[in-house]
**Student:** 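Let me give you the structure first, and then I'll get to my questions.
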Number of protein chains: 2
Amino acid sequence: MLFQGEFNNAIDAKGRASIPAKFRDVLSSVFADERLIVTQNDGGLAAYPIQEWEKVLEKVNAMEASPLKDAINLALISPAIECPFDKQGRIQLTKAQRCYAGLESEIREIVVVGSINKIMIWNRAMHAEMRKQAENLLKTESQALYNLGF
Amino acid sequence: MLFQGEFNNAIDAKGRASIPAKFRDVLSSVFADERLIVTQNDGGLAAYPIQEWEKVLEKVNAMEASPLKDAINLALISPAIECPFDKQGRIQLTKAQRCYAGLESEIREIVVVGSINKIMIWNRAMHAEMRKQAENLLKTESQALYNLGF
DNA sequence: TTATAGTTGCCCACAAAGTGTAAAAACGTG
DNA sequence: CACGTTTTTACACTTTGTGGGCAACTATAA
């Protein structure tokens with residue numbers, strides 16, 4: 001397990017998001033490279049260690065032309081940009097990234113979520129709403145959950 | 001990776017579009033030439049560093065005559081024009097270019113998107129709409145995305 | 001031709017955004 | 001509870017983006 005857990009961190013007035021120390025530790029110990037590529041996905045931001053991102057790129061490049069490939073390029077690849085860490089372990093997000101993720105001006109509360117090989121960053125309120133939706137679905141699937149061992 | 005990322009910039013009343021400093025840096029450091037050739041493509045504007053544009057031209061010239069070649073000349077090559085930077089890092093777009101890209105008079109909001117070897121300029125609302133379409137398609141292909149590493 | 005309106009390029013100035021550093025506050029561990 | 005680590009706040013400074021003024025030039029019409 002690489003990135004794991006949820007962290008309620010903040011984004012400052014200039015758009016810098018602090019990344020949990022645990023995730024930075026994973027970057028330096030497992031990947032030996034602190035570079036993060038941040039893209040937009042599903043209403044939030046997804047940050048990939050550069051090695052992971054390059055694997056993704058190779059696979060996408062190998063696809064033959066199709067509407068799906070175009071959509072991936074438009075929605076996932078083009079917006080991607082490297083966001084370097086500052087000395088306090090924060091990454092500077094661009095205006096466009098904040099705009100996409102609902103992190104304008106006065107909004108400071110984010111949640112940083114580990115997701116195996118990537119790190120997701122959400123507007124905290126939005127994330128809470130998504131969780132609620134998910135939990136509602138789970139209520140209708142108690143048997144399946146039981147079978148899974150939950 | 002040359003041009004990467006999305007930037008929410010503006011076009012002013014005179015039709016000047018500001019190009020992100022990062023992209024200007026790529027032009028001067030990688031291409032050592034700030035000239036941009038701007039053409040029309042797919043409802044937006046595409047700006048090529050002059051070296052990249054010349055590569056394209058050579059390849060098109062090498063094609064033997066065909067309806068496709070004619071269409072390329074008509075739709076992509078003919079409208080192309082060099083748009084020089086002013087000292088504030090903006091390029092002056094012509095009326096025809098703005099008209100084509102849905103950037104008339106009062107519309108100020110654009111998005112400048114890096115796309116490997118070229119820079120795309122979109123009406124921001126139009127781009128958001130395209131992204132939405134793309135994301136809808138992606139939602140139906142979550143297994144494929146997972147396989148690609150997203 | 002002259003007058004007029006529109007376009008283009010150049011310049012300046014202000015506002016907004018980004019960067020870097022330091023220090024305070026909060027947190028978690030022993 | 002005290003300590004070290006982590007996160008947040010605060011401030012100063014730099015860079016970038018945007019709007020506006022002005023003059024030169026172009027095209028059109030009277």
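Chain naming here is simple, since letters A, B, ... match the order of the sequence lines and numbering starts at 1 in each.
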**Student:** Need one value for A:Asp86: base, sugar-phosphate or nothing, where a base atom within 4.0 Å counts as base even if backbone is also close, heavy atoms only.
**Tutor:**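 No contact.
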
**Student:** Quick one: A:Ile91 CD1 to D:dT7 P, roughly how many Å, whole number?
**Tutor:**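 These atoms are roughly 13 Å apart.
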
**Student:** So if I take every side-chain heavy atom of B:Lys95 and compare against D:dT16, C:dT7, C:dG9, which nucleotide ends up nearest?
**Tutor:**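 From the listed options, C:dT7 comes nearest.
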
**Student:** Examine D:dT6: is either OP1 or OP2 under 4.0 Å from a nitrogen or oxygen in the side chain of A:Gln88? Give yes or no.
**Tutor:**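 For A:Gln88, the contact criterion (side-chain N or O under 4.0 Å from OP1 or OP2 of D:dT6) is not met.
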
**Student:** Measure the distance from CG on B:Asp12 to P on C:dT7 and round it to the nearest whole Å.
**Tutor:**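 Answer to the nearest Å: 13 Å.
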
**Student:** If you take all heavy atoms of B:Val112 and B:Ser18, which pair is closest and at what distance?
**Tutor:**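 Scanning both residues, the minimum pair turns out to be CG2-O, 4.0 Å.
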
**Student:** Answer yes or no: does a side-chain N or O of A:Arg24 lie under 4.0 Å from OP1 or OP2 of D:dT7?
**Tutor:**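 Checking D:dT7 against A:Arg24, a side-chain N or O does come within under 4.0 Å of OP1 or OP2.
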
**Student:** Can a side chain N or O of A:Arg16 be found less than 4.0 Å away from OP1 or OP2 on D:dA10?
**Tutor:**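 For D:dA10, OP1/OP2 do not have a side-chain N/O of A:Arg16 under 4.0 Å.
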
**Student:** Parallel, tilted or perpendicular: which one describes the rings of A:Phe23 and A:Phe7, with boundaries at 30° and 60°?
**Tutor:**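 Taking A:Phe7 first and then A:Phe23, their aromatic rings stand perpendicular (interplane angle over 60°).
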
**Student:** Provide, to the nearest angstrom, the distance between the CD atom belonging to B:Gln97 and the P atom belonging to C:dT8.
**Tutor:**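 It is 10 Å, rounded to the nearest whole Å.
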
**Student:** May I ask you to decide if the ring planes of B:Phe31 and B:Phe3 are parallel, tilted or perpendicular, using 30° and 60° as cut-offs?
**Tutor:**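 Ring orientation, 0 to 90° scale: parallel.
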
**Student:** So what does B:Pro84 touch, heavy atoms closer than 4.0 Å: a base, only the sugar-phosphate, or nothing?
**Tutor:**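 No contact at all - B:Pro84 keeps every heavy atom at 4.0 Å or more from the nucleic acid.
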
**Student:** Are OP1 or OP2 of D:dT18 and a side-chain N or O of B:Ser18 less than 4.0 angstrom apart?
**Tutor:**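 Result: yes.
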
**Student:** For the backbone of A:Leu45 and the side chain of A:Asn41, can you confirm whether one donor and one acceptor N or O come within less than 3.5 Å of each other?
**Tutor:**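 No, the answer is negative, given that no donor and acceptor are paired below the 3.5 Å cut-off.
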
**Student:** Between P on C:dG28 and CG on A:Asn8, what's the gap in Å once rounded to a whole number?
**Tutor:**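 Between P of C:dG28 and CG of A:Asn8: 11 Å.
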
**Student:** Would you say A:Lys87 places a side-chain N or O within less than 4.0 Å of OP1 or OP2 belonging to C:dG20?
**Tutor:**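 For C:dG20, OP1/OP2 do not have a side-chain N/O of A:Lys87 under 4.0 Å.
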
**Student:** Could you tell me the separation between the CD atom of B:Gln92 and the P atom of D:dC25, rounded to a whole number of Å?
**Tutor:**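 So the CD-P distance, B:Gln92 to D:dC25, works out to 17 Å.
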
**Student:** Using a distance-only criterion (donor-acceptor N/O pair, under 3.5 Å, no hydrogens), is the base of C:dG9 paired with the side chain of B:Arg90?
**Tutor:**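 No.
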
**Student:** Students often get this wrong, so: under 4.0 angstrom with heavy atoms, is A:Ile11 touching a base, only sugar-phosphate, or nothing?
**Tutor:**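 Answer is nothing: A:Ile11 stays at 4.0 Å or more from every strand.
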
**Student:** In whole angstrom, what separates B:Arg108's CZ from D:dG20's P?
**Tutor:**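 That distance rounds to 8 Å.
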
**Student:** Could you give the NZ-to-P distance, from A:Lys22 to D:dT7, as a whole number of Å?
**Tutor:**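 Taking NZ of A:Lys22 and P of D:dT7, I get 10 Å after rounding.
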
**Student:** Using whole Å, what does the distance between atom C1' of nucleotide D:dT6 and atom CD1 of A:Ile19 come to?
**Tutor:**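 It is 13 Å, rounded to the nearest whole Å.
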
**Student:** Would you tell me if any nitrogen or oxygen in the side chain of B:Lys14 comes within less than 4.0 Å of OP1 or OP2 on C:dT7?
**Tutor:**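 Answer is no, no contact under 4.0 Å.
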
**Student:** Using the side-chain hydrogen bond (donor to acceptor under 3.5 Å, both in side chains) definition, which of the options B:Gln133, B:His127, B:Arg131 pairs with B:Glu129?
**Tutor:**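 When B:Gln133, B:His127, B:Arg131 are each tested with B:Glu129, the side-chain hydrogen bond (donor to acceptor under 3.5 Å, both in side chains) holds only for B:Gln133.
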
